[in-house]
Amino acid sequence: MENDTVQISNGDIRGEHVLACLSSAPSNARIIRTAAQMTKAYGAKFTALFVETADFEKASAENKARLADNIALAKELGAEVETVFGDDIAYQIARFAEAAGITKLVIGRSTFTKKRVFESSNLVENLLAYAPEVEIHIIPDISAENRYIPTKKGIDWLEILKNSLLSLLILGLSTLLCYLFQKLGFADSNMIMVYTLGVLVTSVVTSNVVYSLLCSIAGVLLFNFLFSRPDFSFGSYATGYPVTLLIMLLTALISGIFAQRYKNQEEHSHKIAHRLKLLFDTNKLLLSATDSSRILTLTAQQLIKLFSTDVLIFDENFEATYFPANIANQAVYDVEIERKSAEFATRSNSAKGGERQLGSKFFYLPLSVNDMLYGAIGVDGSALSAFDRDTFMSVALECALALDNERNRREKEQVAVVASNEQLRANILRSISHDLRTPLTSISGNAANLLENGEKFDPDTRKQLLQDILKDSDWLINLTENLLASTRMEDGKLQLRFSNELIDDIADAAVNYCLKRAEDHTLRLTSSGEMMFVSVDTKLIVQVLVNLIDNAIKYTPSGSSIEVRIEDAGDDVRVSVADDGNGISDKDKPHIFEKFYRGEESPSDSRRSLGLGLYLCKAVIEAHGGKIEVADNLPHGTVVSFELAKKEIKINE
Amino acid sequence: MNKPLILVVEDDSSVRNLIAATLKANEYNFITAASGKEGASQAATRSPDIILLDLGLPDMDGVEVIKQVRGWAITPIIVISARSDDTDKIAALDAGADDYLTKPFSVEELLARIRATQRRLAYSNNASSSSVFENGGLKIDYAAGCVFLDGEELHLTSIEYKLLCLLAQNVGKVLTHKFITQNVWGSCWDNDIASLRVFMATLRKKLESADSEKQYIQTHIGVGYRMVRL
C-alpha cells in the first residue's frame, strides 16, 4: 500500500500531461471522454489539440460545426484547447507534445484517416518515430455508422479549366522544344529531360498534384508516340524505355507533392504574417485610444476589417453596442439573448471562452485580464475557422489589455486628484488657521478688556471696542458660510441640491442679506421682471451673489453704488454685479478667480481677505454648467457676471 | 399691552444667556429651560405666550417638542436652528412651528421676530372671527370674495386669491412650500412648487405695484412664504 502511494506521488511530481487529438469526426467525442477519464485517474493536466490542415477551410459547414461541438466538449471536460497548423499531422502533434511536455497521447482511428496520396498511412508509426517517449493510446472506432466520411467539396470548374489549359500549354511547349531538338539531332535523353522539366513546371504552376501526374503520363505517351523509334507509334524497341518512363512518372509525382506542400506552407505563412501585421496595427491603434469606448470602437472596426462580420460589444456594465459590417444590411438580434450568451461566455471560461448559446447569433470572447472583467466581444461566429478564432482571441486579448491599461491610468489619475485635493485642503486649513488668529485675537482681547476694565473706559472707547468685536465676528460668520460651501466643493464631486427657483427670488434673497452691510453704499436690484427659472442649488447661488456683492462693498470706496442686474440672454440668464469703484487692473483680472489670490493693490484691511470668495464663486457656477467672467464697468468700476441656463417650467393652473 | 411671557429652550448656556440678556434689556418676561423635557413641562405648567426653541437639544429632537406642545396648545413657536441646511427648519415648520431663526442670528433679528409674533397674536385675538381681513393697505372681503389694495379693487385669478387668503389666514407665519401646495392644489409635486413660485411672483407684483415700499409677502428662499403683518 505504502509503495503504491509513493508511486502515485512520483507520478504527480513528474507531471502527467494528457493530450487528446481533436477532429471533426463524430467518434472524436469518445476520445475526448477517454482522455478526460485518464486525466482524472492520473491527476494530470489535460490539453486538447486540433491540427488544422490546409484543406480544412474548405471543409463542409457540418464538419466545422461538429468540430466546434468537440472543442466545446473538451473545454467542458476541463481541457485547454490549442490549435496548430500544418499538413503533416503526426509531425505537428509530436512537436506540440514535445513543447507542451505531453506524457500521454490519446488518438482515435478516424484521426488518421488517409487523406491524401503519399501521406503516411500509419500515423502511429510516424508519431512513434517523431516522439518516442510519449505513451500513445489508440481508441478504436467501432461504431460503423459514426465513421467519418469526408464529404465532397464543391467543384471549382473555372479552376480546373485554368489548370488544364496551363498543363496543355506546358505540354505543347515541351513537345515543340523536343521537335526542335530532334531537328537539331539531339539525343533522346535530352527530350526526356525536357518532358521531365515540363512536368516539374506543371506541378509548380497548378494547384493539384493530379495535373502533374496526368502531364507526366501524357508526356511519356507523347514522347513514345512522336519521338522514339518507330515514330508515330506506341511501340518501343529499346529495352531501357519502360524504366525511363517509370522514372519520369515518379519524378512528376514527387516533385508535384513537394511543390504542393511548399505552396500550402507558403500560404499559411502568408496568412500568419498578415495576421501578425493586423494584430500589430490593432495594438498600435489601441495604444493611441484614450478612453474605453474608443478602445471598444477601434477593436470593433479592426474585427470588421479582419472577418467582415458584424460585431457586438458588451461593456463593463453589459450594455450592448452593435457595429454592423455593412451599414445597409444590419442584423436583427435579441439583445437579451445576446447578453445572456455573452455573460455565459465570460463565466464559462476565463480566457479561451467562446461558447454559443441557443438562439445567439454571435460567438463571444470575454474581455478579461487578471480576473478583471471588462465585458465581452462577439462576432458572427458561423464564418470563423479555427485560425480566425485564434486571431479573434488575440484581438480580444489586445483589447482587454488596452482596457486594463486605460483603467490603471484612470485609477492613477484619480489617486493624483485625491492627492492634490488633500494638498489643497491642507493649504486651506493652514491659511485659515493663520487668518483666523487675527480676528479672534481682536474679539477675545477686546472682550477681556471690557470685562476687566469696563468701567475705566470712556463711553466712546467702549463703543469702539464693541464695534470691533462685532465687525470681527461678522467677518467670521461670513467666512464660515464660505468654508461650509467650500467643503462641499472639495469632496471630489460637488453635491448639488437642485431645485427650480426664480432668479429674481435668488437675487432678492442675496441683496436683502447684504443690505445691512452695505450701509455706506447704494445697493440696487434691477430686473426685467420676466419670470425666469433656473435649476440650481439655491444656497450656493445665493452665496455666490453674496460674495460678489460683498467684494464690491469691500473693494469700493464709501458712497459707491452697486447694481445687481438680471438680464435675459437667450437660453441663459445673465446676472451681473456692477460697481463704479476703481476697477481691477488688467494684470489681476485673469487671477482673481484663483484660490487664495488677493491682488496686489489690496484694500487697507487685506489681512481680512482670505481670497476664497471668488474662487468659490467660479467653482459653484462651473459646477452648474455656467460661466463667470470679470469685465470693466464704464466709465469706471468692475462688472462680474455669470450665466446660468434657463429652465422651462410647465405651470399647473 | 402687557409684555408677554417668553419660554427659552436652549441647551447652550452662552446662547441662552445672550437671549436672556436681550429679553431682559427689552423688558420681556421670560423663563428658561436647558433641555427638551424641561421645556415641554415648562410650556405645560407656565403657559408662556411665545416659545423660542432650539432644534438641536441633547435629550430629544426639537421637532418632537413642537409635536408635544402642539398636542394641547397653539402657542407660537419660533425655532432656532444651527444648521444651514433647510430641511430641519422645514420639518419644524411643518410640525407646527410659526417662524425660524438661523444661527448665527443678530439681536435685532431676534427682537424683530418676537415683535412680529406679538402683532400676530394681538391680531388673532381681536379679529379671528371677522369676515374681513385688513393688513396695512390690504383688505380682503371673504364674504364678497374681493381684494382691495389702498382702496382700489385688485383683480386676482382664482389661484392667486386662494394663495392670498391662505397667507392672510396665517399672517406672520412662515408657510412651507409643501403646506401651501397641499392647501391650494391638494398635492405636492416639484412641478407644483415651481408653479407656486410663478403665482407668488405675480401676486407679489400685483400687491407691490401701488407702493413699492410696502412688502406684504416675504420670500424665504428654499423654505416658503410669509405674509408680513404691517
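Note on naming: letters A, B, ... go to the chains in the order of the sequence lines (proteins, then strands), and numbering restarts at 1 for each one.
Side-chain contact check for T556(A) and D579(A): no donor-acceptor pair (N or O, by modelled atom type) lies under 3.5 Å. Using modelled atom types, one finds no donor on one side chain facing an acceptor on the other under 3.5 Å when comparing D568(A) with S528(A). In this model, no donor atom of one side chain and acceptor atom of the other lie less than 3.5 Å apart for D460(A) and Q464(A).
Among residues 221-228 of chain B, the residues having any heavy atom closer than 4.5 Å to a heavy atom of chain A are, in sequence order, I221(B), G222(B), Y225(B).
Ion pairing between a basic and an acidic side chain is recognised when a charged N comes within 4.0 Å of a carboxylate O; D54(B) and K103(B) show such pairing.
Within the 4.5 angstrom heavy-atom criterion, atoms from both the backbone and the side chain of T202(B) approach chain A. For a residue to count as touching a neighbouring chain, one of its non-hydrogen atoms must lie under 4.5 Å from one of that chain's; by this rule I506(A) touches chain B with backbone and side chain alike. For chain B, the nearby parts of D505(A) are the backbone and the side chain; heavy atoms of each come within less than 4.5 Å.
Proximity of V542(A) to E501(A): side-chain heavy atoms (C-beta onward) are nowhere separated by under 4.5 Å.
Between Y100(B) and H220(B), a ring centre-to-centre spacing shorter than 6.0 Å is recorded.
The aromatic rings of F199(B) and W185(B) are tilted relative to each other, their planes meeting at an angle between 30° and 60°.
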